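Input: a single structure, listed below in structure tokens.
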Amino acid sequence: MYMATVDHRASLVIGQKARFDPLTDSNIPTAYFQFATYETIQRRINETRILTDYIGRVEKNSILSTRTGKQLRKTRTRDEMGREVEITLWPEKRHLIGDDVGPGDIVAVGSTIVTEHNGLLQLESTYLTIVEVNPDMPQAIELRALPSIPFAETQEKKATILELQLSSQQNIQSSKNFICEARIKEVHGDRGWFYVLCSKCSSKLFPELHDGKLSFVCKDDDEITPIFRYSVNATIVDATGSMEAIFFNESMQALLNIVCEDMVTRHGDSTNPRAVPQQLKSAIDKPSLLHVTLKNDGKLVVNNASWITTTTSDQPTGNISGTSTFTPTTPALKSSTSKRPLQESPGQEKRMKRA
């Protein structure tokens, strides 16, 4: 994928006839930055064709483990106006910011892509990303002079579905977090209810049926272990209305009390990956407390969830408890140990970054 390092319509194409002459001047800068303002970063959310440079003051620097056991770095910073921006360095770039970097240090980062995570602007590393810590430049001096502002916890406001709908119709510039009491009315199995990742490259795996058994293959790697994650599209309702929402792995696992792999291998239909298991449908029409994020594009994502305990007279039919006991009904999946050619790869994405 082509990505511009500067916001300019012209590009430089280097062919076989190109010639490079070494420069011996020791005063040549080792890096060039074109720092984007906070407002520019906001406009570039999910725009992967332009790479972004940024400078900020560190407030928190930590290491996190990915789902595949690798480590990435999360560095929270503030700009000159005190606005929060998070820098995420994936494993191959994690070393660019060391463990010794802490509050008050200045980091300049180049060639990142802008995304959003839990309502916070995020700059993710690419294979071109560079970092300078405490650089000798005017912007760093200004940032050091700013007073320290403690990070506030993410605020979640209680909202009805009608209020969420009204918020989604507004031109919001960033995601907002809410708490909503609602029920799942319908699960849309035709859109799929889980996805599978490769244990080696974290790419999306593709399903294959052989002799009535479902397996998953990677387009690049052999000898893999599938990693299963919930991704359930559903309609949620309360007394004020209904709304479409996406339940990701953490929220669905919290409600069902069963990991996605067990749900797929023990209760899924081996001949139809889009068929929703009855055990998953058991979550329908039960009152739950949903921690949701309303994205700037209007989509509603459920980050976490729990059952709401009610009195017996108020309960809908079924058990409200979050603990479920399941009995296996179908054969387990077999993990693929070799690649097979696929006729089509719908939804295949180019991976620019993965842990």
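Sequence positions, counted from 1, serve as the residue numbers for this chain. From a predicted model like this one, the values you see are computed outputs, not experimental measurements.
Minimum interatomic distance between P226 and F228 (heavy atoms only, all atoms of both residues): CB-CE1, 3.7 Å. D53 approaches S111 most closely through the heavy-atom pair OD1-N, 2.9 Å. Taking every heavy atom of both residues into account, S282 and K286 meet most closely at O-CE, 3.0 Å. Taking each heavy atom of I184 and A234 in turn, the nearest pair found is CG2-CB, 4.0 Å. Residue A140 comes nearest to P135 through the heavy atom pair CB-O, 3.4 Å, listed as atom of the first residue, atom of the second, then distance. Closest approach of G110 to F33, counting heavy atoms only: N-CE2, 3.6 Å.
None of F194, F247, F248 except one satisfies the side chain to side chain contact (heavy atoms under 4.5 Å, CB included) rule with S231; the exception is F248. With respect to I258, the side chain to side chain contact (heavy atoms under 4.5 Å, CB included) criterion is satisfied by exactly one of H267, Q253, Q279: H267. Checked options T112, T129, I113; the residue passing with L123 is T112 (criterion: side chain to side chain contact (heavy atoms under 4.5 Å, CB included)).
Under a 3.5 Å cut-off, the side chain of S125 and the backbone N or O of W90 do form a donor-acceptor pair. The backbone N or O of Y230 lies less than 3.5 Å from a partner atom in the side chain of N249, making a donor-acceptor pair. Between the side chain of D79 and the backbone N or O of I55, no donor-acceptor pair lies under 3.5 Å. Without hydrogens or angle criteria, T40 side chain to A36 main chain gives no donor-acceptor distance under 3.5 Å. For the pair K93 (side chain) and Y127 (backbone), a donor-acceptor distance under 3.5 Å is present. Formation of a donor-acceptor pair under 3.5 Å by the N233 side chain with backbone atoms of H188 is not found in this model.
Ionic pairing of K185 and E244 is not present here: no N-O contact between side-chain nitrogen and carboxylate oxygen is shorter than 4.0 angstrom. E181 has a carboxylate O that lies under 4.0 Å from a charged side-chain N of K158, or vice versa, which qualifies the two as a salt bridge. Classification of D99 and R73 as a salt-bridged pair holds, one side-chain N sitting under 4.0 Å from a carboxylate O. Salt bridge status for E59 with R76: absent, with no side-chain N to carboxylate O gap under 4.0 Å.
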**Report entry** Derivation of the side chain to side chain contact (heavy atoms under 4.5 Å, CB included) call for E84 and T77
**Finding:** CA-CA 6 Å; E84 301 175 28; T77 69; over 6 Å; no
Query raised in the report: Would T293 and N303 count as a side-chain hydrogen bond (donor to acceptor under 3.5 Å, both in side chains) if you check the C-alpha gap in whole Å, the side-chain angles of each, and the deciding distance to 0.1 Å?
Result: CA-CA 7 Å; T293 296; N303 303 308; 2.6 Å; yes
Query raised in the report: Hey, mind stepping through R19 and D21 against side chain to side chain contact (heavy atoms under 4.5 Å, CB included) and telling me if it holds?
Result: CA-CA 7 Å; R19 186 184 71 183; D21 293 325; 3.4 Å; yes
Query raised in the report: Between R83 and E39, is a salt bridge (Lys or Arg N to Asp or Glu O under 4.0 Å) present by the stated rule, with each step listed?
Result: CA-CA 10 Å; R83 295 168 294 192; E39 291 74 19; 2.5 Å; yes
Query - side chain to side chain contact (heavy atoms under 4.5 Å, CB included) between T52 and I41, worked out - result: CA-CA 8 Å; T52 298; I41 294 175; 4.1 Å; yes
Report task. Evaluate the criterion side chain to side chain contact (heavy atoms under 4.5 Å, CB included) for residue pair L255 and S306; output intermediate values, then yes/no. Result -> CA-CA 6 Å; L255 288 179; S306 59; 5.5 Å; no
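Put simply, OG on S168 and CD1 on I161 are 11.5 Å apart, with the number rounded to the nearest 0.5 Å. Here the straight-line distance linking atom OG of S215 with atom CD of E208 works out to 5.5 Å at 0.5 Å rounding. Taken from SG in C218 to CD1 in I224, the straight-line distance is 5.5 Å, to the nearest 0.5 Å. Considering CG of N61 and OG1 of T75, their distance stands at 4.0 Å, rounded to 0.5 Å. With rounding to the nearest 0.5 angstrom, the CD1 atom of I97 is 5.0 Å from the CD1 atom of I87. Of the inter-residue distances, the one linking R229 atom CZ with L197 atom CG reads 7.0 Å to the nearest 0.5 angstrom.
Annotation: side chain of L300 is in contact with side chain of I236 (closest heavy-atom distance under 4.5 Å). Using a 4.5 Å heavy-atom threshold, the side chains of I227 and V196 count as separate. Contact annotation: the side chain of L290 never approaches that of I179 to less than 4.5 Å [non-hydrogen atoms, C-beta and beyond]. Side chains of R44 and I50 form a contact here, defined as non-hydrogen atoms less than 4.5 Å apart. Counting heavy atoms from C-beta on, the side chains of R57 and D105 never come closer than 4.5 Å. The side-chain heavy atoms of E261 and V264, taken from C-beta on, include no pair separated by under 4.5 Å. The side-chain heavy atoms of N134 and R144, taken from C-beta on, include a pair separated by under 4.5 Å. By the 4.5 Å heavy-atom criterion applied to side chains, W193 and M263 are counted as neighbours.
Both Y38 and V114 are members of a single hydrophobic cluster when ILVMFWY side chains are connected at heavy-atom separations under 4.5 Å. Hydrophobic clustering (side-chain heavy atoms under 4.5 Å, transitive across Ile, Leu, Val, Met, Phe, Trp, Tyr) keeps I246 apart from Y195. Linking ILVMFWY residues whenever their side-chain heavy atoms come closer than 4.5 Å, directly or via other members, places V292 and W307 in the same cluster. Both I45 and V109 belong to a single network of hydrophobic side chains, linked directly or stepwise wherever heavy atoms of I, L, V, M, F, W or Y lie under 4.5 Å apart. At a threshold of 4.5 Å between side-chain heavy atoms, the hydrophobic network of Ile, Leu, Val, Met, Phe, Trp and Tyr places F35 and I130 in one connected group.
At a cut-off of 3.5 Å, with distance as the only test, a side-chain donor of Q122 or T88 sits close to an acceptor on the other residue. Side-chain N/O atoms of N304 and S251 include no donor and acceptor closer than 3.5 Å.
Environment of CG in D190: crowded, with over 12 heavy atoms of neighbouring residues, nucleotides or ligands closer than 6.0 Å.
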